[in-house]
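Reminder, nothing fancy here: chain letters follow the sequence lines and each chain counts from 1.
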Number of protein chains: 2
Amino acid sequence: MRAALEEATVFVEKWSANVGLPVGNCPVRGVLDKISDKWSMLLVMTLASGPKRFNQLRREIPDISQKMLTQTLRDLQRDGMVSRQVFDTKPPSVEYRLTALGESVIVPFGYLIRWADENFADIDRSRAEFDQAA
Amino acid sequence: MRAALEEATVFVEKWSANVGLPVGNCPVRGVLDKISDKWSMLLVMTLASGPKRFNQLRREIPDISQKMLTQTLRDLQRDGMVSRQVFDTKPPSVEYRLTALGESVIVPFGYLIRWADENFADIDRSRAEFDQAA
DNA sequence: GGACAACGTCACCTCAAGGTAACCACCATG
DNA sequence: CATGGTGGTTACCTTGAGGTGACGTTGTCC
């Protein structure tokens, strides 16, 4: 799903312009990348309430696999959204926290979540209607 | 920005109540899942500038396959984001336009796009650093 | 000694999203 | 006649995101 957005530059210009944004490069590509994977947004929003350790995150998001937790955290770290700090305690503990960049994305995510929260009922209804018509 | 953050955190709290739940039980996650496919957002933003016909959309988004255009439009229609109107002209033409629901999602998308535009440079830099360190 | 909790890595497999290309009907134009 | 533009459908295939489960290392506790 990631690589294919790479070529959408042309229209991104178009609709970026519509939203009143400078054209240049395609910023949306990266964002859609993040949005469209299954766990990044969930992880960011979970870390929004404060730094957490690895198994603490596992407990708070029971349906994420260990592999995907590791992998998504690495990706977020790579993107500068999350910082990883290892404490040299007896069993070494690792703390993940949002960076300033990571915190800044909470705002647009928040809008999206609010939108979803306000409209999922309408969407469900629309789906039901549509499916019944078919 | 300050107000926006606080506003966002309200919904983050709501959200966190649902985080532990499987996707099926979290309506927000369900909705966001739909939004996060490869073409939905692009299509919505393309239709943001006005109603368009099928092949008009194909031309504006050259790298979408016919199949995926049809499919994504159907999904959006099913979710009540897009309405489809067939005109009984000589070669019947079909017009797609955003519904009120579809238009309402432009706002949160817009915030996301703005965020991406403001921060993609930082992200790129962070990635480069991270990759070099490894 | 055995279990468990800390934080992972690795190999393997599945499943569906998405791409490709062929096909349909209809009509206009050259 | 043939090409091209309407708006699709269908069958087939590839890709990779994500899940599963085993293994590992260092310690502590019972």
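Protein atom CH2 of B:Trp39 is 15 Å distant from nucleotide atom P of C:dA17, rounded to whole Å. To the nearest angstrom, C1' of D:dG18 lies 10 Å from CG of A:Asp37. Spacing between atom CG of B:Leu69 and atom P of C:dT20 amounts to 14 Å, rounded to whole angstrom units. With rounding to whole Å, A:Asp63 atom CG is found 10 Å from D:dT20 atom P. Rounded to a whole Å, the CG atom of B:Asp33 is 13 Å from the C1' atom of C:dA17. The interatomic distance linking A:Ile61 (CD1) with D:dG18 (P) rounds to 14 Å, in whole Å. Atom-to-atom, CE of A:Met68 to C1' of C:dA11 comes out at 16 Å; the value is rounded to the nearest Å. Counting to the nearest Å, the C1' atom of C:dA17 and the CG atom of B:Leu42 are 16 Å from each other.
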For nucleotides 5-10 of chain C, tabulate all protein N/O to nucleotide N/O atom pairs closer than 3.5 Å, reporting atom names and distance.
from  : atom 1 : to      : atom 2 : distance (Å)
C:dA6 : OP2    : A:Asn55 : ND2    : 3.3
C:dA6 : O5'    : A:Asn55 : ND2    : 3.4
C:dA6 : O3'    : A:Arg53 : NH2    : 3.2
C:dC7 : OP1    : A:Val94 : N      : 3.0
C:dC7 : OP2    : A:Asn55 : N      : 3.1
C:dC7 : OP2    : A:Asn55 : ND2    : 2.9
C:dG8 : OP1    : A:Arg74 : NH2    : 3.4
C:dG8 : OP1    : A:Arg84 : NH1    : 2.1
C:dG8 : OP1    : A:Arg84 : NH2    : 3.4
C:dG8 : OP2    : A:Arg84 : NH1    : 3.3
C:dG8 : OP2    : A:Tyr96 : OH     : 2.4
C:dG8 : N7     : A:Gln66 : NE2    : 2.4

Show, in sequence, the C-alpha distance, side-chain angles and deciding distance for B:Asp122 and B:Arg125, and conclude whether the salt bridge (Lys or Arg N to Asp or Glu O under 4.0 Å) test is met.
CA-CA 5 Å; B:Asp122 283 347; B:Arg125 197 174 332 116; 2.8 Å; yes
Test salt bridge (Lys or Arg N to Asp or Glu O under 4.0 Å) on B:Arg97 and B:Glu95; report intermediate values, then the result.
CA-CA 7 Å; B:Arg97 71 168 65 219; B:Glu95 185 189 84; 2.9 Å; yes
Decide salt bridge (Lys or Arg N to Asp or Glu O under 4.0 Å) for A:Asp131 and B:Arg78; before the verdict, give the C-alpha distance in whole Å, the side-chain angles of both, and the deciding distance to 0.1 Å.
CA-CA 8 Å; A:Asp131 292 344; B:Arg78 177 171 182 262; 2.8 Å; yes
Please test B:Arg127 against A:Asp79 for salt bridge (Lys or Arg N to Asp or Glu O under 4.0 Å), starting from the C-alpha separation and ending with a verdict.
CA-CA 5 Å; B:Arg127 278 184 196 168; A:Asp79 287 353; 2.6 Å; yes
Under the criterion side chain to side chain contact (heavy atoms under 4.5 Å, CB included), I'd like the reasoning laid out for B:Ile61 against B:Leu69: C-alpha separation, chi angles, the key distance, then a yes or no.
CA-CA 9 Å; B:Ile61 311 178; B:Leu69 181 52; 5.7 Å; no
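Using a 4.5 Å cut-off on side-chain heavy atoms (C-beta onward), B:Asp37 and A:Ser36 make no contact.
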